[in-house]
Structures are given as C-alpha cells and as structure tokens.
Amino acid sequence: MNIFRLTADMTHLMSVIVLLLKIHTIKSCAGISLKTQELYAIVFTCRYLDIFTDFISFYNTIMKVIFLWTSFSIVWYMRYHKIVRRSYDKDQDTFRHVFLMLPCLVLALLINERFTFKEVMWTFSFYLEAVAILPQLVLLQRTRNIDNLTGQYIFLLGAYRALYILNWIYRYVTEPNYVHWIPWMSGLVQTLLYGDFFYYYFLSWKNNVKLQLPA
Amino acid sequence: TSHGSSHDEL
C-alpha cells in the first residue's frame, strides 16, 4: 500500500461521505443522478464477487463492504426514502443504463485477462465504472444551480480516479511484473471524462463564484 | 502471482 493508493481510497470514501451527508442532513438528493448511483452499485457488485472467496487483507474486505453497503443505501434513499426521493429530478436524469452497460459487457467478453465468469465480471466493472459518471455529468450540465456538496462530491470522485493513476505509476516503477492494462486504460478514460468538470470547478474556485457548467 | 495483484485494488 503506497501513499497514492491510500489517499485515493480515502478520497473515494470522502466522496461517499459527502453524498451521504447531503442525503442525511439536508434530506436532499437534488442534482444527483440516480442512474450513476445505480451503475456504481452494479460496478461494486460485479467487482467484489471475490469478497468471500479471496481474502487479501482486513483493510481490503472492510473497504469492499463499505463501498457495497453505501452504494446500495444511496440508491435506496434516492428511490424509496419518503423525503429524499422528492428532491430527485427524474425528468432531467434521462440517461439509459443499457446504452452504457451493453457495450461494456460486450467489451468485457472480448477483452479480458482470463475468460472466467468472475474475471469477466471484474473486467466489466472497470469498463462500466469508466463511463458510469456520464449520466451525472449530463445532469450536472442541465442543472442550473449546482450546490456546494454536489460539486464537492464530483470533485472528490474525480480526484480519487486521478490518484489511482499515480498509484499505478508508482507500482509499475517499484513492483516487478506489475502490468494491468485493463484497469489502466479504463481508469485513464474515466479520469479524462472529469477533465471538463475539473476545469470549471477550479475556475469557480479561483474566481470565488458559484459553479456553473456552460450549456 | 502478478494476476492476483490487480485484484488487491478497490
């Protein structure tokens, strides 16, 4: 475990905490895409199929449980909580899951490290995570008023992905035979998708004005 | 194995 990896995981954890804070304290999920949250629940379910079969470390298992538990509870809150669900902007959040999931599944069946069920699901989770933010970015662009917590949530998600790239570089340099093209390439694509958002986030931060994406 | 080492990431 290197410092980049630990910071990445903690940033990921913080993003989830920020989102849950918004849901719990303000009882609002305004500006949050349920489609993206559902895709994340699918991503973690497919990736962590090894949770009961392969023990890596106590840290690893705990974090997997946290990401599974929180992703499903966020979806539950947005769909079923009687107050939170009222703030969900269904008409703006129109992205279709299938358009993202189907190509990712086909790609996972074609390009993987090993053709086994668990391995294909693991690969699929990386391809899907790379594009899972798209419904959220589309919703963000449609939302005129982006509140601070939503902006911070997406910023932390993007930062987590960028830190993972540093972790991969560090591991590639320090560990022999550490080469993993599938997480690298999908991670790179995922991080690039945040580029535009980062640009406007820093601009609003620098000029001390409310974050707003151009239409 | 080098294969397993990618799965130690979250």
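Only a predicted model underlies this, so the values are computations on that prediction, with no experimental measurement involved. We name chains A, B, ... by the order of the sequence lines, and we start the count at 1 in each one.
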Side chain to side chain contact (heavy atoms under 4.5 Å, CB included) between Asp9(A) and Glu9(B), worked out: CA-CA 9 Å; Asp9(A) 288 348; Glu9(B) 290 175 354; over 6 Å; no
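For the pair His7(B) and His180(A), the minimum side-chain heavy-atom distance is 4.5 Å or more.
Listed by chain and residue number, Lys118(A) satisfy the salt bridge (Lys or Arg N to Asp or Glu O under 4.0 Å) test with Asp54(A) (two or more places apart in sequence, or in another chain).
Atoms CZ and CG, from Arg171(A) and Asp8(B) in turn, are 4.0 Å apart once rounded to the nearest 0.5 Å. Rounded to the nearest 0.5 angstrom, Leu10(B) CG and Tyr48(A) OH are separated by 4.5 Å.
For a heavy-atom cut-off of 4.5 Å, chain B lies close to no residue in residues 29-40 of chain A. Close approach to chain B, defined as a heavy atom under 4.5 Å from one of its heavy atoms, is seen in no residue of residues 12-26 of chain A. Residues from residues 57-70 of chain A that place a non-hydrogen atom less than 4.5 Å from a non-hydrogen atom of chain B comprise Tyr59(A), Asn60(A), Met63(A), Lys64(A), Phe67(A), given in numerical order.
Atom CZ of Phe198(A) sits in a crowded spot, with more than 12 heavy atoms from other residues, nucleotides or ligands closer than 6.0 Å.
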